[in-house]
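Right, one structure below, let's go through it.
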There are 2 protein chains.
Amino acid sequence: MNERQTSSGSREVTSSQAEQTRTALIRAALNLFGQKGFDGTSTRDIAAAANANIGSIAYHFGGKEGLRLACAGFIVETIQRIAGPAMAAAAVPGEGERGEAAAMAQIDAILQRMVGFIVAEPQAGEIVQFVLRELSHPTAALDAIYAGVFEPVHRRLCAIWAAATGEEAEAEETRLRVFAIIGQVVYFRIGREAVLRRMGWSSIGLTEAARITGVITENVHAIRGAVKGRSS
Amino acid sequence: MNERQTSSGSREVTSSQAEQTRTALIRAALNLFGQKGFDGTSTRDIAAAANANIGSIAYHFGGKEGLRLACAGFIVETIQRIAGPAMAAAAVPGEGERGEAAAMAQIDAILQRMVGFIVAEPQAGEIVQFVLRELSHPTAALDAIYAGVFEPVHRRLCAIWAAATGEEAEAEETRLRVFAIIGQVVYFRIGREAVLRRMGWSSIGLTEAARITGVITENVHAIRGAVKGRSS
DNA sequence: GTCTATAGTCGGATAGAC
DNA sequence: GTCTATCCGACTATAGAC
């Protein structure tokens with residue numbers, strides 16, 4: 001019932017019963033929202049999946065809507081934890097031939113990670129689905145995700161692309177170009193069902209992801225070559 | 001709008017009262033399903049938007065689920081009516097330098113139309129949204145759309161791409177490449193909300209669509225150059 | 001063919017016991 | 001903090017009047 005921290009020494013890692021229920025609810029909700037949509041998911045299902053009771057949703061999040069917002073926060077944290085270090089570590093290289101080559105190498109690495117996470121990672125499915133739904137019907141949850149993920153990642157990619165091509169990082173053309181590159185990756189998740197049928201694949205695992213990465217990488221290098229060649 | 005034809009001779013295109021209600025329901029449903037999702041839309045709303053009564057849905061389509069399937073059929077008809085002639089008229093050119101150039105010209109034209117329709121056309125919004133939802137959670141409606149739209153269009157594009165590059169039309173690489181190209185276009189609809197915010201646009205109209213088309217066209221030409229250059 | 005009334009189900013929220 | 005019982009509203013589907 002009333003769980004109290006024993007006063008003996010170090011506190012547990014704040015995984016109180018309350019916190020456990022909270023995260024269990026978020027994970028269950030994220031999973032179900034991604035799978036069946038916000039409207040298609042009942043709070044009863046969420047509570048059942050989280051092994052919690054219905055009332056706890058209202059208690060912890062104020063209601064279903066609050067739970068959605070909490071999911072957005074969880075997504076931002078997750079992505080920042082996964083992609084944050086990789087992005088930050090990849091300092092934008094200086095100018096010159098060597099810098100450009102280094103920038104392209106970074107892009108290659110990022111593309112591979114993006115395909116791996118967005119397209120092939122089964123665990124990411126729920127996150128991607130959730131975000132896609134928010135994109136087509138924005139709520140307050142999208143604001144958090146845009147500010148915490150979309151904007152910084154896109155800005156970062158623009159900077160690296162600029163370093164790889166000599167273009168202006170925040171030029172309209174650069175921003176559009178980066179969107180087009182992201183689109184190549186993302187479509188393999190969104191159109192996954194069509195891709196599977198057309199390719200005769202039963203799923204997108206490591207093998208298939210490698211094929212996709214190969215094609216996209218080749219495309220991006222070709223585009224970079226054209227952009228660079230244009231200015232000289 | 002709708003031709004009022006007496007049922008003398010011509011097909012069932014006659015707009016009897018029943019047929020009128022039917023199509024009004026489909027259009028309303030497509031709009032609302034695309035906007036708020038299948039689960040998020042009530043039959044009451046659909047009936048109200050179509051100026052029909054609730055019972056008529058059961059009468060004409062057997063229920064909400066049947067209405068979804070009818071929407072899929074409507075989408076297939078619409079797309080085939082719009083894109084069908086353009087696709088069919090564009091016969092795959094022969095081989096040789098001239099044929100390849102002609103194929104690229106066709107691709108340019110198709111890209112422009114695709115961006116115009118998918119990204120900028122406000123009327124297409126509901127169709128695109130509906131299809132996206134089906135893609136992420138396939139029902140019987142997707143089967144109809146895949147067979148009637150996705151498969152033929154993608155196959156056609158592969159053939160044209162093959163004519164433009166000398167590659168094999170049904171090679172795994174070609175199919176993936178075409179998906180990547182489509183992805184560049186589609187993302188500007190899916191990620192529209194993110195694009196708008198990042199670009200500082202308030203909507204995607206003719207001006208913005210032209211910018212997008214410009215970038216994507218340049219990308220595709222660059223990719224084609226790389227693929228062609230590789231084999232020689 | 002169209003409309004109304006109603007049956008039957010399910011969802012979100014909440015009050016109150018523990 | 002957690003759980004149960006319950007209210008109220010909204011939904012789909014259907015039967016039957018017109």
Side-chain angles (χ1 to χ4, degrees), chain A residues 1-7 11-33 35-71 133 137 139-141, chain B residues 2 4-7 12-33 35-71 133 139-141:
Chain A
M1 307 297 193
N2 226 350
E3 174 76 27
R4 304 192 65 193
Q5 281 294 344
T6 54
S7 55
R11 269 193 157 197
E12 289 303 321
V13 198
T14 63
S15 64
S16 59
Q17 179 75 15
E19 202 62 28
Q20 261 180 315
T21 304
R22 228 187 100 90
T23 58
L25 281 171
I26 290 178
R27 296 195 71 94
L30 187 56
N31 186 16
L32 288 168
F33 287 162
Q35 213 166 88
K36 317 201 295 176
F38 185 77
D39 294 313
T41 304
S42 68
T43 52
R44 285 173 170 82
D45 286 346
I46 297 169
N51 268 83
N53 61 80
I54 312 173
S56 57
I57 291 174
Y59 177 77
H60 285 290
F61 308 101
K64 199 185 182 184
E65 195 59 43
L67 187 46
R68 159 151 64 184
L69 210 56
C71 286
R133 286 177 196 282
H137 297 289
T139 70
Chain B
N2 272 350
R4 285 192 169 273
Q5 284 191 327
T6 54
S7 57
E12 298 169 358
V13 193
T14 58
S15 48
S16 60
Q17 180 74 18
E19 203 60 29
Q20 260 181 316
T21 304
R22 229 188 100 90
T23 57
L25 282 171
I26 290 177
R27 296 196 69 94
L30 187 56
N31 185 17
L32 288 168
F33 287 162
Q35 212 167 91
K36 318 201 294 178
F38 185 78
D39 293 313
T41 303
S42 68
T43 51
R44 283 174 171 78
D45 287 346
I46 297 170
N51 268 86
N53 62 81
I54 312 174
S56 57
I57 291 175
Y59 177 78
H60 286 289
F61 308 100
K64 200 185 181 185
E65 195 60 43
L67 187 46
R68 160 151 63 183
L69 210 56
C71 286
R133 287 178 195 282
T139 70

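In what follows, chains carry the letters A, B, and so on, assigned in the order in which the sequence lines appear, proteins first and then strands, with residues in each chain numbered from 1.
The line from OG1 of B:T23 to CG of B:L30 is 12.0 Å long, rounded to the nearest 0.5 Å.
Pairs engaging residues 48-59 of chain A under the salt bridge (Lys or Arg N to Asp or Glu O under 4.0 Å) rule: none recorded [sequence neighbours left out]. Residue pairs satisfying the salt bridge (Lys or Arg N to Asp or Glu O under 4.0 Å) criterion with at least one member in residues 53-63 of chain A, sequence neighbours excluded, are absent.
For the residue pair A:R133 and A:Q35, the shortest heavy atom distance occurs at NH2-O, 3.9 Å.
Taking only side-chain nitrogens and oxygens, A:S56 never comes nearer than 4.0 Å to OP1 or OP2 of D:dG1.
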Quiz: residues 60-70 of chain A side-chain donor-acceptor pairs under 3.5 angstrom, not counting sequence neighbours:
unit_1 : atom_1 : unit_2 : atom_2 : d
A:K64  : NZ     : A:F38  : O      : 3.0
A:K64  : NZ     : A:T41  : O      : 2.7
A:E65  : OE1    : A:R68  : NH2    : 3.2
A:E65  : OE2    : A:R68  : NE     : 3.0
A:E65  : OE2    : A:R68  : NH2    : 3.0

Would you mind writing out the side-chain donor-acceptor pairs for residues 45-57 of chain A within the sub-3.5 Å range, not counting sequence neighbours?
unit_1 : atom_1 : unit_2 : atom_2 : d
A:D45  : OD2    : A:K36  : NZ     : 3.4
A:D45  : OD2    : A:S42  : OG     : 3.3
A:N53  : OD1    : A:G55  : N      : 3.1
A:N53  : OD1    : A:S56  : N      : 3.1
A:S56  : OG     : A:N53  : O      : 2.5

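Put simply, CD1 on A:I46 is 10 Å from P on C:dA13, counting in whole angstrom units. As a whole-Å value, the separation of B:H60 NE2 from D:dT14 P is 16 Å. Here C:dG1 presents its C1' atom at 13 Å from CZ of B:F61, a figure rounded to the nearest Å. Between the CD1 atom of B:I57 and the C1' atom of C:dT4 there is a distance of 15 Å, given to the nearest Å. Between B:N51 atom CG and C:dG1 atom P the separation is 19 Å, expressed in whole Å.
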Give me the distances for all protein-to-nucleotides 8-12 of chain C N/O pairs that come in under 3.5 Å?
unit_1 : atom_1 : unit_2 : atom_2 : d
C:dG12 : OP1    : A:T41  : O      : 3.3
C:dG12 : OP1    : A:K64  : NZ     : 2.6
C:dG12 : OP2    : A:T43  : N      : 2.5
C:dG12 : OP2    : A:T43  : OG1    : 2.8
C:dG12 : N7     : A:R44  : NH1    : 2.8
C:dG12 : O6     : A:R44  : NH2    : 2.8

Measure all distances between protein nitrogen or oxygen atoms and nitrogen or oxygen atoms of nucleotides 15-18 of chain D, and list the pairs falling under 3.5 Å.
none

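Closest to the side chain of B:N53, out of C:dG1, C:dT4, D:dT2, is C:dT4.
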